2 protein chains.
Amino acid sequence: MMNLTLKQLRYFEALIQHQHFGHAADASGISQPALSMQIKELEESLGVPLFERAARQVRLTRFGEDLAPRVREILRNVGEVEDMARLAQHNMSGRLRIGVIPTIAPYLLPTFIGHLTQNHPTLDVHIRETLTPRLIAELADGKIDTAIVALPVSEPAFEEVTIFEEDFVLVRPERDAARPVPSAADLQLMQLLLLEEGHCFRDQALSFCNIRSSLPREGLDGSSLTTLVQLVAAGLGVTLIPQMAVSVETRSAAVSVAQFPTPSPKRKIGMIWRKTSPLADQFHQIASIVETAAAGLRYPTL
Amino acid sequence: MMNLTLKQLRYFEALIQHQHFGHAADASGISQPALSMQIKELEESLGVPLFERAARQVRLTRFGEDLAPRVREILRNVGEVEDMARLAQHNMSGRLRIGVIPTIAPYLLPTFIGHLTQNHPTLDVHIRETLTPRLIAELADGKIDTAIVALPVSEPAFEEVTIFEEDFVLVRPERDAARPVPSAADLQLMQLLLLEEGHCFRDQALSFCNIRSSLPREGLDGSSLTTLVQLVAAGLGVTLIPQMAVSVETRSAAVSVAQFPTPSPKRKIGMIWRKTSPLADQFHQIASIVETAAAGLRYPTL
DNA sequence: TCAACTTGATAAGTTTGACTTATGATGAAT
DNA sequence: ATTCATCATAAGTCAAACTTATCAAGTTGA
């Protein structure tokens, strides 16, 4: 019954501009009868005449005058929507919600965020730091757009890309610096301090030592790598930390750092996102920015 | 290239509501593929995905979320335009600019405006009082919508409808009340006071008396009927006034009023408007309101 | 006063595109 | 593994928007 179209509104505005069916039609890129018909249709669907057709004059009716500013606003809004789309077509703009696990966030983010916002100032970055299982849930839920985690995650709904691999290094009290680097087997016999249950990094370290993760390990778990390193400095044991944490965590602690001989323990860092996400292209770009940022954190070979 | 349609925006909103192509299609009264295609078209013309189609979930993209409130506003505005149209369909609403000549306005308007706004409270009436030639120009120009004047106007571009006829009556000093009513020929010999040049009523009076209107008549012209009647009361001559002016103008003046025998002088009052005006229906209604109002002003037969 | 011109409406025919039903593809659930 | 749910694709139909050609009415100018 009342079926307005944007086309009709555009013709309406053109006719107001030109006050002449032929000229308005030219300006709209259609023939004069086409415009006449659309205007007529518009008037009929509104049930009110918009123009008074006099011999050599096309005049707006009162109602037409009332309508004109409304129509202009509608067309302006539509134009803005189109502008928004044009803007959004250029990738790397808009909100981007990134999840990061706690054993990466404190080391990677400062440089990473810097690179990211510097190269893409229109990007509105939100960071969520929590454990992998929760990141996975939030990703599936659409609460975040992507996550930087240790791979593999093996969720069939997610795409995974590897960004880089990094070794784990041994952290022991300063006084042990001269001792030979213990083997994985040796570590089983030492006081190995680890992150509390839930951190994937804990599981990765345990797996290197062939220790079953279900073992109760009272008093030997810390909630952050910082805590672990401080405990090591206090002589309570040894720990493993990822290479990217070395410079931050051992800067002011009385500990020594040692690399393991190959095959050294390592983890694979990568990005995941929903396979259905339309932002895949952006994510690949971001992965390469992460790679650059991480390269700057690599601890010089000992 | 970027050819949005309101239909697409409506489907977009429906899909946001239902988060489900099938349900949104049902709600929109179309088939699911039709909706899918329109959404796809919308996304392609914007160049940006709006929805993320996961297995059992349809989720807005970031851009879609940004777009949603804009789209809702556009649809709301369109709805308001439609509402305006529905309102305007009922006649007798909106602005109505009426021109009236000075020998009608002061007598007719008080009652007429009362009737009009009482019966049609949504009507926003503007009154323009000036001489016929200017009313004609303003009507042709679209500055007023209709005019109440003495007919005929004989403009080919205008429609004319007669509303009523009214007699002219003789006004003379009170002391002459008992004298016989003079004939048109007698009037030529009397001091006939008339409105100044330009008033159609002047010409009508002169024509009754068979006096050439081009005659210079120094000192005998007044700018309003009120003035003329006061001059008559002062004994400076006699005058003619239209019947509708009698009760107002002679209420507190020392004059007597006399009707002419048939064929009495009279004028035809009517409405005129542009033949192209879409408001013709309204004008006929208004004409009948004028008629009612004028009937109340008719001077009781002497 | 009449012929030529302007200009918007109407007519006829063509093309575009929006819709339908039927079917395919993919991931989820039992 | 099969069935189900759900969105995309395909093929065909029909309505509507556009085109050109023509009409009708009013204006202009000799």
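Per chain, numbering begins at 1; letters A, B, ... match sequence-line order. Just so you know, these numbers come straight off a predicted model, no measurement behind them.
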Check: A:Phe201 and A:Pro242 side chains under 4.5 Å, non-hydrogen atoms: yes

Are B:His20 and D:dC7 close enough that a side-chain N or O sits under 4.0 Å from OP1 or OP2? yes

I would like to know whether A:Arg267 and A:Glu166 meet side chain to side chain contact (heavy atoms under 4.5 Å, CB included); could you show each step before the answer? CA-CA 6 Å; A:Arg267 64 177 180 177; A:Glu166 74 174 338; 2.8 Å; yes

Measuring to OP1 and OP2 of D:dC18, would you say a side-chain N or O of A:Ser31 lies under 4.0 angstrom away? no

Toward the 5' end of DNA chain C, which comes first, B:Pro33 or A:Lys275, by nearest nucleotide? B:Pro33

Tell me the interatomic distance from A:Phe21, atom CZ, to D:dA25, atom C1', rounded to whole angstroms. 15 Å

B:Val58 vs A:Thr5, nearer the 5' end of DNA chain D by closest nucleotide: B:Val58

Hey, can you tell me if A:Phe283 and A:Trp273 have their rings parallel, tilted or perpendicular (30° and 60° cut-offs)? tilted

Quick one: B:Ile39 CD1 to D:dA8 P, roughly how many Å, whole number? 9 Å

B:Arg53 atom CZ, over 12 foreign heavy atoms within 6.0 Å: yes

Does A:Lys7 put a side-chain nitrogen or oxygen below 4.0 Å from OP1 or OP2 of D:dC18? yes

Spacing of B:Lys40 atom NZ relative to D:dT6 atom P, expressed in whole Å: 21 Å

How close or far is atom P of D:dA15 from atom CE of A:Met37, stated in whole angstroms? 17 Å

Nucleotide C:dC19, atom P - distance to CG of A:Asn3 in whole Å: 10 Å

Without decimals, in angstroms, what is the distance between A:His18 NE2 and C:dG8 C1'? 16 Å

Does A:Ser36 make a side-chain N or O approach to OP1 or OP2 of C:dG8 shorter than 4.0 Å? no

Look at the side chain of A:Glu41 and decide which nucleotide, out of C:dT20, D:dC7, D:dA17, has an atom nearest to it. D:dA17

For C:dT7, does OP1 or OP2 lie under 4.0 Å from any side-chain N or O of A:Arg53? no

With heavy atoms under 4.0 Å as the rule, sort A:Tyr11 into base, sugar-phosphate or nothing. sugar-phosphate

Dump the intermediate steps for side chain to side chain contact (heavy atoms under 4.5 Å, CB included) on A:Cys200 and A:Gln204, then the final yes or no. CA-CA 6 Å; A:Cys200 57; A:Gln204 290 148 3; 3.9 Å; yes

Nucleotide D:dT20, atom C1' - distance to CD1 of A:Ile30 in whole Å: 14 Å

Report the distance from atom CD of B:Gln32 to atom P of D:dA8, rounded to the nearest whole Å. 7 Å

Report yes if at least one side-chain N or O of B:Gln38 is closer than 4.0 Å to OP1 or OP2 of C:dC19; otherwise report no. yes

On DNA chain D, more 5' by nearest nucleotide between B:Gln57 and B:Ala157 is B:Gln57

